[in-house]
Structures are given as structure tokens and as C-alpha cells.
Amino acid sequence: MKQNGLFARILVLMLAMLLLTSVSLADDNTASDDGEMLIGGETVSPMTSFESFEELATAMPGVTLLAPPADALDIAFNTIDGEPLIAQIEFSWDGDLYTLRAAATDAKNSEMAGVYVDFDDEDAASELTDLTFAPGVQDFSLKADHDDGQVLASWYDQANKTSYTLYSDTAGAPEMRILFLLTEMEELFQ
């Protein structure tokens with residue numbers, strides 16, 4: 001009889017320790033307010049920072065990156081882990097903030113922008129009838145929210161098998177500003 005009582009106490013003690021361990025692990029593996037994962041109390045970011053455009057380009061083999069304008073300021077170069085691996089360049093230009101992303105894909109991927117806004121103009125590019133794109137550029141779209149000054153351009157470059165997005169939430173007259181910026185950055189247009 002004493003053995004059953006001892007066995008029951010040991011079993012209760014083991015279950016209590018297991019419960020405390022699982023609660024402790026659950027507390028250590030949580031998401032922080034900025035979306036980074038906390039694992040074992042350590043912050044793990046899905047982003048890797050680079051010092052230069054050249055370092056970022058080296059980290060993204062097979063992706064043709066667009067360089068920010070020469071007069072851009074506050075430039076940050078990052079990759080974002082995932083499938084696909086995404087190159088991100090954040091910068092300010094002429095007083096506005098921009099985020100450019102690029103990834104090797106088989107088709108346009110505007111979701112990689114990470115922008116989930118109900119734009120009031122889902123087809124702002126349709127008003128710009130005189131655009132002529134470089135060979136290989138496909139599926140160019142331009143979305144704008146005129147109330148908030150947000151704009152998202154996305155396109156796919158078939159020749160380079162690269163999907164691009166360019167986003168700003170501070171641009172006034174957003175679609176014209178972003179098109180002007182794109183002409184400053186690369187030969188997207190002919």
C-alpha cells in the first residue's frame with residue numbers, strides 16, 4: 001500500500017514538473033510587438049542587415065537589384081528570410097520614404113511588399129497611357145491611396161526572373177512621384 005502512495009506522489013511530482021517546463025518553454029517562444037520571434041528568450045529577426053548595395057547583391061544570387069537614386073539618404077540594405085528570399089532597400093528620397101523589394105520568382109509577386117491596404121485607386125497606371133516599358137518588363141501595376149499618400153508599384157522582369165515592389169506611404173501625388181523615382185533608379189522605361 002505504501003508503494004502505491006509513493007508511486008502516486010512521484011507521478012504527481014513528474015506531471016507538475018512537465019507542466020512547469022512546458023509553460024516555461026511557451027513563455028520563451030513568443031512573437032514580439034515588432035513581429036520578431038523570441039526563442040528561448042532570445043530575439044530572432046527574419047531580417048539580415050548589410051552595409052552596402054554590393055553586399056546585398058552578393059547575398060541575392062540570381063536577383064537583379066535596382067539601386068536607389070544616387071542622392072537617396074538613410075539607406076538600409078536587408079534580406080528577409082522566407083520563400084523566396086527577399087532583398088529590401090529602404091531609403092528616403094526628396095523628402096519621402098520608400099521601400100524597394102526584389103526576389104527571384106517565376107511570376108509577379110506583389111504580396112512580397114507586405115502592404116495590406118485598401119487602395120482607393122487600384123489601377124492608377126491606366127491613366128498614364130504614354131508609358132513604354134523596357135523589354136521583359138511585365139505586369140506593371142500601380143495602386144494609390146490619394147487620401148493617405150500611399151502608393152505601391154509592382155512589376156515582373158521576365159528577362160531577369162525577378163519580381164519587384166516599390167512602396168511609399170509619404171509621397172504626395174503618389175503615382176507621379178513613384179514613376180519619377182523609378183526613372184531615376186533604372187532603365188525600367190524606354
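What you see is a predicted model, and the numbers here were worked out from it, not measured in a lab. When reading the values below, keep in mind they use all heavy atoms of this one structure, side chains included, and skip hydrogens, waters and symmetry mates.
Between Thr64 and Tyr164, some side-chain heavy-atom pair lies under the 4.5 Å cut-off. Between Tyr98 and Trp93, the closest side-chain pair of non-hydrogen atoms falls below 4.5 Å. When side chains are defined from C-beta on, Thr79 counts as touching Phe50, because their heavy atoms get closer than 4.5 Å. By the 4.5 Å heavy-atom criterion applied to side chains, Val151 and Leu142 are counted as neighbours. Proximity of Tyr156 to Asn109: side-chain heavy atoms (C-beta onward) are nowhere separated by under 4.5 Å. The shortest distance between side-chain heavy atoms of Leu166 and Thr99 does not fall below 4.5 Å.
Of all heavy-atom pairs between Ile89 and Pro68, the closest is CG2-CG, 4.0 Å. Nearest heavy atom pair, residue Leu97 against residue Ser168, reads O-OG, 2.7 Å.
With sequence neighbours left out, Ala113 forms a side-chain contact (heavy atoms from CB on, under 4.5 Å) with Val115, Leu152, Thr165. Considering only residues two or more places apart in sequence or on other chains, Ala76 meets the side-chain contact (heavy atoms from CB on, under 4.5 Å) condition with Asn78, Glu90. By the side-chain hydrogen bond (donor to acceptor under 3.5 Å, both in side chains) test, Asp74 is found to be paired with Ser92, residues two or more places apart in sequence or in another chain being considered.
Here Leu73 is tied to no hydrophobic group at all, with no ILVMFWY side chain closer than 4.5 Å. Residue Tyr116 shares its hydrophobic cluster (ILVMFWY side chains chained together at separations under 4.5 Å) with no other residue.
In this structure, the separation between OG1 on Thr48 and CD on Glu55 is 12.0 Å, given to the nearest 0.5 Å. Expressed to the nearest 0.5 Å, how far CG of Asp71 lies from CG of Asp94 amounts to 7.5 Å. Taking OG1 from Thr162 and CG from Leu66, the interatomic distance works out to 8.5 Å, rounded to the nearest 0.5 Å. Note that CD of Gln138 is 8.5 Å distant from CG of Asp157, once rounded to the nearest 0.5 Å.
Taking the six-membered ring where the residue is Trp, Trp155 and Phe140 present tilted rings, their angle falling between 30° and 60°.
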Just list the side-chain donor-acceptor pairs under 3.5 Å for residues 80-87, sequence neighbours left out, or say none.
none

- Start with the C-alpha distance between Gln150 and Lys143, add both sets of side-chain angles, then the distance that settles side-chain contact (heavy atoms from CB on, under 4.5 Å), and finish with yes or no. CA-CA 8 Å; Gln150 296 185 67; Lys143 299 176 181 182; over 6 Å; no

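Side-chain atoms of Arg101 come within 3.5 Å of backbone atoms of Met112 as a donor-acceptor pair (strictly under, hydrogens ignored). Judged purely by atom type and a 3.5 angstrom limit, Ser154 has no side-chain atom pairing as donor or acceptor with the backbone of Ser110. In this structure, Lys161 contributes its side chain and Thr105 its backbone to no donor-acceptor pair below 3.5 Å.
Note on Phe77 and Leu65: same hydrophobic cluster, where clusters join Ile, Leu, Val, Met, Phe, Trp and Tyr whose side-chain heavy atoms are under 4.5 Å apart, directly or indirectly. Placement of Met60 and Ile75 within a single hydrophobic cluster is found when ILVMFWY residues are connected by side-chain heavy-atom separations under 4.5 Å, directly or transitively.
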